[in-house]
Amino acid sequence: MLPLDLKLHINDQDYPQRLREECAQMHPPNLGFTEDHRWLSMAQKDRMASPVDVIVVGAGNRGETYSHFASLQPQRMRVIGVADPRKFAREKLQKQHRIADVNVFADWRGIVQREKFADAVFICTPDRQHKNPAVALAKKGYHILLEKPMAVTAEDCTEIVRTCIQNGVMLTVCHVLRYDPVIHKIKVLMDSGAIGDPVHIQHLEPVGFFHFAHSFVRGNWRNEAESSFALLAKSCHDIDLIHHWAGGRRCLKVSSFGSLSHFRKEKRPPGAADRCLDCPVEESCPYSARKIYLDRVKQGCVGWPVSVICSSSLPDIESVTEALKSGPYGRCVYQCDNDVCTNQVVNMEFEGGLTAAFSMVAFTEEICKRRTTIYGSKGELSCDGHEIRVFDFLTGRATKHTAETYAPGAFGMGGHGGADYQLVEAFISAVASGDASFIRSGPEETLLSHKLVFEAERSRLESKVVFCGTDQD
């Protein structure tokens with residue numbers, strides 16, 4: 001039975017009607033749902049006076065980024081535990097947050113063996129290591145911030161959601177774009193009728209040429225057997241946005257096409273070496289590891305992506321050079337074991353005739369600066385990630401909209417528009433107050449959009465249109 005003060009607020013206007021009905025069926029009827037869900041009682045406000053205690057499971061780039069909230073807002077959040085098999089990573093986070101030795105673990109299972117000693121966990125492990133800690137720690141009663149994707153199979157995603165609901169814990173999936181104020185403004189404008197009935201959605205994710213080489217050719221997400229397929233790893237939150245903009249309409253059918261282009265052994269330039277530091281043709285290669293990493297650190301840039309490649313030390317010229325000589329990030333992009341798509345399109349048809357087309361492409365100048373156009377019966381909305389333009393068919397006039405964004409300059413990934421900070425702030429507010437309405441990427445709707453990603457990939461692999469039927473329910 002869920003506690004009375006854990007309000008899932010299925011009457012929120014942001015939730016489509018169908019999801020409200022599904023949630024009402026999944027949850028007991030006496031949860032105390034309220035229309036006026038954003039009002040906080042005095043008791044809730046008093047509870048928010050104490051910082052939320054968090055354990056970080058996975059102290060890599062994302063875990064360190066999210067935990068930085070505690071350094072900026074120590075009165076609201078404390079990092080009191082860390083689990084990571086890498087000694088340098090966990091000791092680095094331990095030092096940053098002055099974590100007691102007793103709360104430092106090489107394996108997350110050590111947390112499970114203890115009595116519950118924090119309010120929440122940030123699970124930022126590799127994709128294939130999400131499900132087990134999420135399920136085990138939800139059963140212990142920890143609220144969960146879970147890096148996307150939820151898991152690498154639909155069955156595991158479903159188990160995570162079911163476990164969180166059964167144990168009365170809040171789940172926030174790191175679909176960070178939902179927390180971008182500009183992206184959120186798109187949904188507000190659509191719900192206000194600014195473009196009438198939505199008819200077609202076009203959405204582009206330009207990954208960025210060196211970002212793709214870093215993460216999906218040399219890096220952790222290069223190989224599906226070790227991580228997950230590209231649409232899930234990179235673009236599940238883009239499909240989630242389209243599903244969200246569809247406003248509760250069920251996706252009826254989906255088709256997808258895509259492949260691995262260019263980063264293949266047969267594209268290797270004549271005379272190229274196996275490693276960039278030894279390569280005689282490196283100067284003419286835009287994907288040179290020397291350019292992407294070593295030249296950056298020489299200019300004093302030690303943040304992402306340079307910060308990722310040194311697993312046992314802080315990045316400097318010496319450590320980066322050694323990493324490129326012996327580690328995976330120094331390999332020729334044409335000699336790696338990568339197998340994930342560099343470009344993929346997904347076409348969707350929703351109830352009521354709404355169609356959507358999503359494109360992900362590696363070979364772009366811009367890095368993760370999404371572009372969206374939504375065509376409606378009364379107008380057209382376009383967004384470049386910074387500004388929204390709405391053209392009204394009746395008046396023939398265009399109106400521009402922006403949204404205030406606050407995030408410390410050093411917080412999060414550049415392509416997320418400050419949304420990393422907003423994501424953590426929402427989760428901490430939800431846990432502190434017991435009010436889940438702060439969460440925009442909760443369990444049920446996130447599960448539906450993940451299932452749509454799995455259906456799209458099935459379409460690509462089987463070369464057929466997939467009729468979604470009632471599986472999403």
Side-chain angles (χ1 to χ4, degrees), residues 16 18-19 127-128 130 148-158 161 173 175 177 198-207 212 216 221-264 338-364 370-375 444-473:
R18 182 172 59 82
L19 286 174
D127 295 358
R128 289 186 173 271
H130 284 182
K148 60 89 181 168
M150 295 173 66
V152 298
T153 69
E155 293 76 18
D156 285 353
C157 292
T158 301
V161 169
V173 179
H175 281 159
L177 296 179
V199 175
H200 180 70
I201 300 170
Q202 278 190 309
H203 186 65
L204 166 69
E205 180 180 15
V207 181
F212 196 93
F216 300 93
W221 295 274
R222 71 191 182 280
N223 186 284
E224 183 176 346
E226 293 186 17
S227 56
S228 56
F229 54 93
L231 189 67
L232 183 66
K234 187 70 187 80
S235 303
C236 65
H237 50 185
D238 295 282
I239 300 299
D240 177 73
L241 283 180
I242 292 173
H243 182 266
H244 181 56
W245 291 328
R249 299 170 180 85
R250 185 167 62 87
C251 186
L252 301 176
K253 50 190 173 182
V254 59
S255 65
S256 183
F257 311 92
S259 63
L260 167 60
S261 301
H262 188 67
F263 295 118
R264 308 171 70 97
N338 58 301
D339 62 5
V340 299
C341 289
T342 52
N343 49 289
Q344 187 166 355
V345 297
V346 180
N347 300 307
M348 292 155 275
E349 182 178 349
F350 293 86
E351 290 174 326
L354 172 67
T355 55
F358 168 70
S359 298
M360 179 276 289
V361 61
F363 307 102
T364 64
R370 276 87 171 171
R371 294 187 179 275
T372 305
T373 304
I374 303 176
Y375 303 90
E444 293 92 352
E445 192 173 2
T446 301
L447 178 59
L448 290 177
S449 67
H450 268 60
K451 286 185 175 182
L452 186 52
V453 175
F454 290 116
E455 295 286 58
E457 183 67 1
R458 180 158 73 95
S459 168
R460 185 185 74 86
L461 294 174
E462 298 178 5
S463 299
K464 69 178 186 181
V465 174
V466 171
F467 289 80
C468 298
T470 60
D471 285 349
Q472 293 183 75
D473 297 334

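Everything numeric in this text was worked out from a predicted model, so none of it was measured.
Between the CG atom in L231 and the CD atom in Q344 there is a gap of 4.5 Å [rounded to 0.5 Å]. Note: N343 CG to M360 CE = 7.0 Å, rounded to the nearest 0.5 Å. The distance from the CG atom of L447 to the CD atom of E444 is 8.5 Å, given to the nearest 0.5 Å. Atom CG in L241 sits 10.0 Å away from atom SG in C236 (nearest 0.5 Å). Note that the OG atom of S259 and the CZ atom of R460 stand 8.0 Å from one another [nearest 0.5 Å]. Atoms CG and NE2, on D238 and H203 in that order, are 3.5 Å from each other to the nearest 0.5 Å.
Not one N or O on the side chain of H450 forms a donor-acceptor pair closer than 3.5 Å with the backbone of P149. The backbone N or O of D156 sits less than 3.5 Å from a side-chain atom of T153, completing a donor-acceptor pair. A distance-only check finds no donor-acceptor pair linking the side chain of T342 to the backbone of V361 [under 3.5 Å]. With T355 contributing its side chain and E349 its backbone, the two residues share no donor-acceptor pair below 3.5 Å. The main-chain N or O of E224 is found under 3.5 Å from a side-chain atom of D339 such that the two form a donor-acceptor pair. K148 places a side-chain N or O within donor-acceptor distance of the main-chain N or O of A233, the cut-off being under 3.5 Å. Of the possible donor and acceptor atoms, none in the side chain of S449 sits under 3.5 Å from a partner among the backbone N and O of I239. One N or O on the side chain of R128 and one on the backbone of S227 form a donor-acceptor pair closer than 3.5 Å.
Side-chain contact between C251 and E455 is absent, with no heavy-atom pair separated by less than 4.5 Å. With contacts defined as side-chain heavy-atom distances shorter than 4.5 Å, the pair W245/P198 does not qualify. Looking only at side-chain heavy atoms (C-beta outward), R222 and F263 stay at 4.5 Å or farther from each other. With a 4.5 Å cut-off on side-chain heavy atoms, L232 and F454 count as touching. F257 places a side-chain heavy atom less than 4.5 Å from the side chain of N347. Side-chain atoms of H175 and E445, non-hydrogen and from C-beta on, never get closer than 4.5 Å to each other.
Closest of all the heavy-atom pairs between F350 and A356 is CE1-CB, 4.1 Å. Of all the heavy atoms in E351 and G248, the pair that sits closest is OE1-O, 4.3 Å. The two residues C157 and M150 come nearest to each other via the heavy atoms O-CE, 3.6 Å. Residues C341 and F212 approach most closely at O-CZ, 3.2 Å, considering heavy atoms. The shortest heavy-atom contact between S256 and A456 is CB-O, 3.2 Å. Considering every non-hydrogen atom in both V254 and C468, the closest pair reads CG1-SG, 4.2 Å.
Of the candidates L354, V199, I201, I201 is the only one forming a side chain to side chain contact (heavy atoms under 4.5 Å, CB included) with I374.
Between F216 and W221, the ring planes are tilted. Angles from 30° to 60° get that label.
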task: Output, in order, the C-alpha distance, side-chain angles, deciding distance and verdict of side chain to side chain contact (heavy atoms under 4.5 Å, CB included) for L452 and M348.
output: CA-CA 9 Å; L452 186 52; M348 292 155 275; 3.9 Å; yes
